[in-house]
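Report on the following structure.
Both counts, for ligands and for their atoms, begin at 1 and track the order of listing.
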Amino acid sequence: MSTGFFIHPDCRLHEMGEGHPECPERLDAIADHLLATGLLDVLVQPEVPQASWADLELAHSRMHVASVQGLRDRIEAEEMAGGPRHFYIDPDTAMNAFSWDAALRAAGAAVAATDAVIDGQLDNAFCAIRPPGHHAMRDKAMGFCLFNNIAIAAKHALERRGLKRVAVVDFDVHHGNGTEDILSADPRCMMIGIFQHPFYPYSGENSSAANMFNVPVPAYTRGETVRELFEQVLLPRLDAFQPEMIFISAGFDAHRDDELGQMGLVEADYAWMTDRINQIAQRHAKGRIVSCLEGGYNLRALAHSVHAHVRALSGLSPSLRGCLLRW
Ligand SMILES: [Zn+2]
């Protein structure tokens, strides 16, 4: 198995103000832990290109792309004139002068990972990217997200690479409302998601789209229940759809130690979900999976959960897994 690990220093330069939980240190925590545990040694680290305008327009209106670029230009001009370093799109979501470049690398990583997996250069891939994407709607940035990385990659696989059916699995603690907004009208896509409800962005409970399967769960839901719901409700639908490729919106803020979410998952639950998704990918999709980082704000829990997820993606033998788990 060869698993790609996509990361770029530009994604670290985007920051949304002091104390914001979606901070550059998240990527440091992930990279440091993968290095310290030795897992990085078995991963392939390809180049990360910038996404093009055409890539972004696979999922977003030209007006939205232009408005984000316009904000970058405005921030640069205001900063030169001694003005503020951040522009707030909403109370949660801000840009600095580097956010545009970070967003291009984030979407570029998702597209490049998709190409590498479809071309057979990699079996699967994890993109350690920020800004995250799954709240970004076709016409709107929100919820820490500027562009919807996973939806762009899914559309790229369909529109340009000729795949006929792709699936998105979203296990972030928040509903992936942006991905649903972009993909729900496309019958070539299906999305399954489990998320805390009622909770930001207060959507997804009653989706009318036939290809969106949402399981809202109350705060304090633990891994045992999540596994049961995956096994009984979500995975059978994923299996029946027979996707040719699976994308994962990998948020780790449903971890029990996360400060933003109130769910009770642990590292072993992320490994279990990844294994089960991987089995379906092996059955229908030649094992093709591209996973993109979404949330996850407790740095230790994030680093350890990503480790469990990527280790499962890389298909390490149980004995080696045990060895790496001791870290
Ligand atoms: Zn989240």
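The Zn ion (ligand 1) is the vertex of the angle joining OD2 of Asp172 and OD2 of Asp253, which measures 90° to the nearest 10°.
For residue Glu294, no N/O/S atom approaches the Zn ion (ligand 1) to within less than 2.8 Å. One of the N, O or S atoms belonging to His174 lies under 2.8 Å away from the Zn ion (ligand 1).
Of the candidates Met95, Arg85, His20, Glu15 forms a side-chain contact (heavy atoms from CB on, under 4.5 Å) with just one, namely Arg85.
A salt bridge links Glu159 to Arg188: one of the charged nitrogens lies within less than 4.0 Å of a carboxylate oxygen.
Here salt bridge (Lys or Arg N to Asp or Glu O under 4.0 Å) pairs that include residues 126-141, with residues two or more places apart or in two chains, are Glu22-Arg130.
With sequence neighbours excluded, no residue forms a ring-ring contact (aromatic ring centres under 6.0 Å, His included) with His134.
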